[in-house]
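The structure under discussion appears below in the form of structure tokens.
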Amino acid sequence: MDPTALYNSLIKGVEVFKFTGNPVPSELLLIGDRALPVAVNDKGQVLIAVSHYGRGRVAVLAHEGYLHDPSFGRFLQNAVGWLIPTPGASVGVQAGLESLVQHLASSGCSVKSAPFSASLGVYCMDAYGVRETKELIEFVKSGGGLLIAGQAWHWSSTHAGEDVLLAFPGNKVTTVSGIYFTAKYGDKGVFPVSRGIPLSSLDVSHGKDIKHDLKLLLDGVTDFNLNYESVPSALLVHGPLAFPIVLDRSNRAILAAAHYGKGRIVVLSHESQLSHPPLKKFVLNAVRWLGAAKPGKIGIQSNLTVLHQHLSEERYCCQLSELQDGMSVYCCTSYRDHQAAEIHEFVAEGGGLLIGGQAWWWSYSNTEQDAVAGYPGNKILNKFGISITASTLKNTVYRAPSAQEAARLYHFQKALSKFREHVHSNEPLGALEPCVKTLGRDCASFLRMKAHESPRYSMMCQILTMLVTKTGIPQASNCNPVRNPKEIMLLNLGTELYSESLCQEALVPVLMRSVPELVADPAVEVQVNGTIEGCSAWRSTGLFVSPGKTAHVIVPSAVTGAGWQVQTGCHSDDLSDKEELKRPPVVIRRFPINRVRTAVSSLWGGLLYIVVPAGSQLGPVNITVQGAVRAPFFKAGQSNISEWQRTVRHYAAPWAELEADSIILTVPSDSVRHLDNPEPLLCLWNRITRGIAELAARPHPFPRPERIVADVQICAGWMHSGYPIMLHLDSVKEIAHLDFMTSNSIWGPIHELGHNQQSAAWEFPPHTTEATCNLWSVYIHEKVLGTPRCRAHEMLRPKTRREGLRKYMRNGARLDQWEVWVCLETYLQLQEGFGWEPFIQLFSDYQQIPSAARLDKVSRMNLWAEKFSQQVKRNLLPFFKAWGWPIGKDLDRKLSALPAWKENPMKEYI
């Protein structure tokens, strides 16, 4: 039963909850992913909640007096009806609750006053006389139902110094299901039943002394030295009983811990930290805090042999194995989730979990999933209120905070609670302002969890939607950039809420206040090429999906389930880390085509693409799109010029595309409406891409056309490479204005296309990264555009080249200074000495030896020197040595029979 259906079944026939009279309830704390608030007062305090554990169910009331109160009668009948595992199962009621027996009997229940027995279907009791703790937990886990009521504030007053969440009798059972009695009074009153799942407070005063936990965890720890090669992932700390241990300057958690049920968890942001010597003291503290002193062995995943050695040296009883019965602490990495259910149960019932890992590497090969939702370790950790993100942290030394400082560190849920207060009160952000950017990022990460079956997740989504609809979504543009951290957060938040298909009906009117209406076509048929070699490709449709509108893509059945996707938007850069936004940070959305008809929509709109996966062999595929807007689109050799002039270039969509044989240009529609005939421009691009393929020794046309997309703002540089290549709007003239391209240098776009041709087999980063791509810029300007290198770029003027070379040599020909232009000079000297043919041949040869990419840099440099020498039949080693290359003695001997290069331009430096 989904949370909404469950809630509706529990409040059926109930109009109000009357928390009146003498009973003073305790506030309940809900954690985990299955605890559902049922009755919430006007301050957001939960007074009745239900949850699941194992195969069973739990219902909790915040005072035992409500079990006797006739006004709660209908709810109690509903609750017991839900708790009963099978029709006709018997209900047992603790002695002293005779009025509950009578009430349930009157509704037809098979009920009796009796001590607890595992043979019962449901047991009803107060929260004070809990003695059969293990038996009750096992009873629920096996499918039984438990109705329990009580308050913990009075118990707390007579048990000073004890941890209420752990030691209060009722909590010894209910916490495994994620429901806790707290020592805080709950406000009384008559509260109408909410029509939907009620919203509870985000910041419950649970009374857990985090400072004491941190004191134990940080004992004797002065810093966390992560200044080594392993790159950690940032952690998202979102659970009510989860807390960060140390943060970076951007308030991202590096280490975190949590209480859950009767157990504890410590999370490290890379598995190497479990055995990293500078962190040994902290790891030992963590193991002790997790419960190493309890009976039972410490289990350690079999590949963590160094950790096993460290703990064995400290005389801990430990073994290399999977999680097993009888363990007190389990230590593992976060790369597998095959024991997720067992780990959840282990922690809930009192075990300690020490886990480490990073998610950024996983995200590289799982681009269609967000790490917070899909990464294996998060299938374990999300329930505990900590998630490992794909965001990376710096390798540096982090100062360990004091326990007092750490207890006041940024926490996602507390910060969100304060932001909510700010929105409703219109008071200044105050101390929260420095945290707003982090809060926005964390809200986005939390939403990507996609935990739609979790009541807590649904509640958070409701709260976030209410915040966005109350404040509005700012409109970022080139003329009106968004710089305010709060507005940047709202832009992020609105995008994520819509993208997760949450509350779209509430968000669209907020956006539509400032978006012009575009007329959509009822249905448009397009044909896409369903065959692709190598990488996946975006196939243009010539259509645009309006912001906040829904289009439908209808495909043949052969396409469904074949890995195809629909994409809205082509501006692929994620700008989430920018301090200023000229557009929303993320505007691309993808939808898997798993059925014949797929609905697609985007808060920000965008051109519509079909993403064809690598290796697809479906040939031409006809697709129908309903509800999209036609966009200016022209394909060389296929589109009709008269239609382009008469109608197509005037289509209302804001973005246009021009497609040549091996490249597609995406530019603002206004920049091509004046273009009477795109053919000459695209013919030039055919010559350019043919030249790029020629130098790269690749076939032309390319198996997948390159793409260049103009954007109002990009993530890095003036332009950057990739699929697609991204550039600023000011550079549209360099790719789409024929007159400009034929009379000026277009170094930048060709430079980026050159980046896309670079190969790890013959690259020597960081030296050549921004250098060898320029070989294509030189080649295209000279061979295609007729522009000599000295005019193609100011840095290639003869005088500038000579000065750069002399400076490099005066400084001792050091490789740490062999970068960009001085690095390019090495290759230009070779080209000027031997022409382009050796490069073309070598680039062809290297395609047959991909294993070269796995060599270290020195070996790759020696291989290039060897192959180029052999290609031109000259011993070029003196040349490379003059440049400071680390040439090995073996290669000297190997090439000694080749004649010297008499024209060596580096002679004077040898």
Test your reading of the model: is there a side-chain donor-acceptor pair from [X] to the backbone of [Y], 3.5 Å cut-off?
X      : Y      : value
Ser233 : Ala359 : yes
Ser745 : Trp747 : yes
Gln713 : Lys582 : yes
Gln273 : Ser269 : yes
His781 : Ser777 : yes
Ser731 : Leu727 : no
Gln567 : Gly569 : yes
Asn756 : Glu706 : no
Thr689 : Trp685 : yes
Asn875 : Leu895 : yes

Given side chains that start at C-beta, do those of [X] and [Y] come closer than 4.5 Å, heavy atoms only?
X      : Y      : result
Ser536 : Val612 : no
Leu393 : Leu226 : no
Gln829 : Met906 : yes
Asp577 : Pro585 : no
Leu665 : Phe634 : no
Val482 : Glu580 : no
Ile750 : Ile688 : yes
Phe702 : Ile692 : yes

Shortest non-hydrogen contact between [X] and [Y], atoms and distance:
X      : Y      : value
Glu763 : Thr768 : OE1-OG1, 2.9 Å
Gly888 : Asn862 : N-OD1, 2.9 Å
Pro680 : Leu738 : CB-CD2, 3.7 Å
Leu235 : Thr389 : C-CG2, 4.5 Å
Leu891 : Ala865 : CD2-CB, 4.3 Å
Met795 : Arg801 : O-CG, 3.7 Å

In sequence, state the C-alpha distance, the side-chain angles, and the governing distance for Leu607 and Ser540, and then conclude on side-chain contact (heavy atoms from CB on, under 4.5 Å).
CA-CA 8 Å; Leu607 289 171; Ser540 299; over 6 Å; no

One pair to check against side-chain contact (heavy atoms from CB on, under 4.5 Å): Leu830 and Val872. What are the steps and the verdict?
CA-CA 10 Å; Leu830 290 171; Val872 300; over 6 Å; no

Parallel under 30°, tilted from 30 to 60°, perpendicular over 60°: which one fits the rings of [X] and [Y]?
X      : Y      : answer
Trp885 : Trp818 : perpendicular
Tyr228 : His276 : parallel
Tyr723 : Trp538 : perpendicular

[X]-[Y] side chain donor-acceptor pair, cut-off 3.5 Å:
X      : Y      : result
Ser859 : Asp856 : yes
Asp573 : His720 : yes
Arg252 : Ser391 : yes

[X] ring center near [Y] ring center (under 6.0 Å):
X      : Y      : answer
Trp901 : Phe880 : no
His571 : Trp655 : yes
Tyr827 : Trp883 : no
His737 : His674 : yes
Trp762 : Phe839 : no
His793 : Trp821 : yes

Run the salt-bridge test on [X] and [Y] with the 4.0 Å N-O cut-off and return the result as yes or no.
X      : Y      : result
Glu794 : Arg789 : no
Asp223 : Lys281 : no
Lys437 : Glu579 : yes
Asp711 : Arg583 : yes

Check whether NZ of the Lys or CZ of the Arg Lys733 lies under 6.0 Å from the centre of the six-membered ring of Phe740 and within 45 degrees of that ring's axis.
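Flagged: Lys733 positioned over aromatic ring of Phe740.
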
Check whether Tyr609 forms a cation-pi arrangement with Arg539 (NZ or CZ under 6.0 Å from the six-membered ring centre, at most 45° off the ring normal).
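No, cation not above the ring by the 6.0 Å, 45° rule.
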
Show your reasoning for whether side-chain contact (heavy atoms from CB on, under 4.5 Å) applies to Phe224 and Val397.
CA-CA 6 Å; Phe224 294 92; Val397 179; over 6 Å; no

Please indicate whether [X] has more than 12 foreign heavy atoms, meaning atoms of other residues, nucleotides or ligands, lying under 6.0 Å from its [atom1].
X      : atom1 : answer
Trp836 : CH2   : yes
Glu533 : CD    : no
Lys394 : NZ    : no

Can you check side-chain contact (heavy atoms from CB on, under 4.5 Å) on Tyr846 and Ile849, steps first, answer last?
CA-CA 5 Å; Tyr846 268 97; Ile849 49 171; 3.9 Å; yes

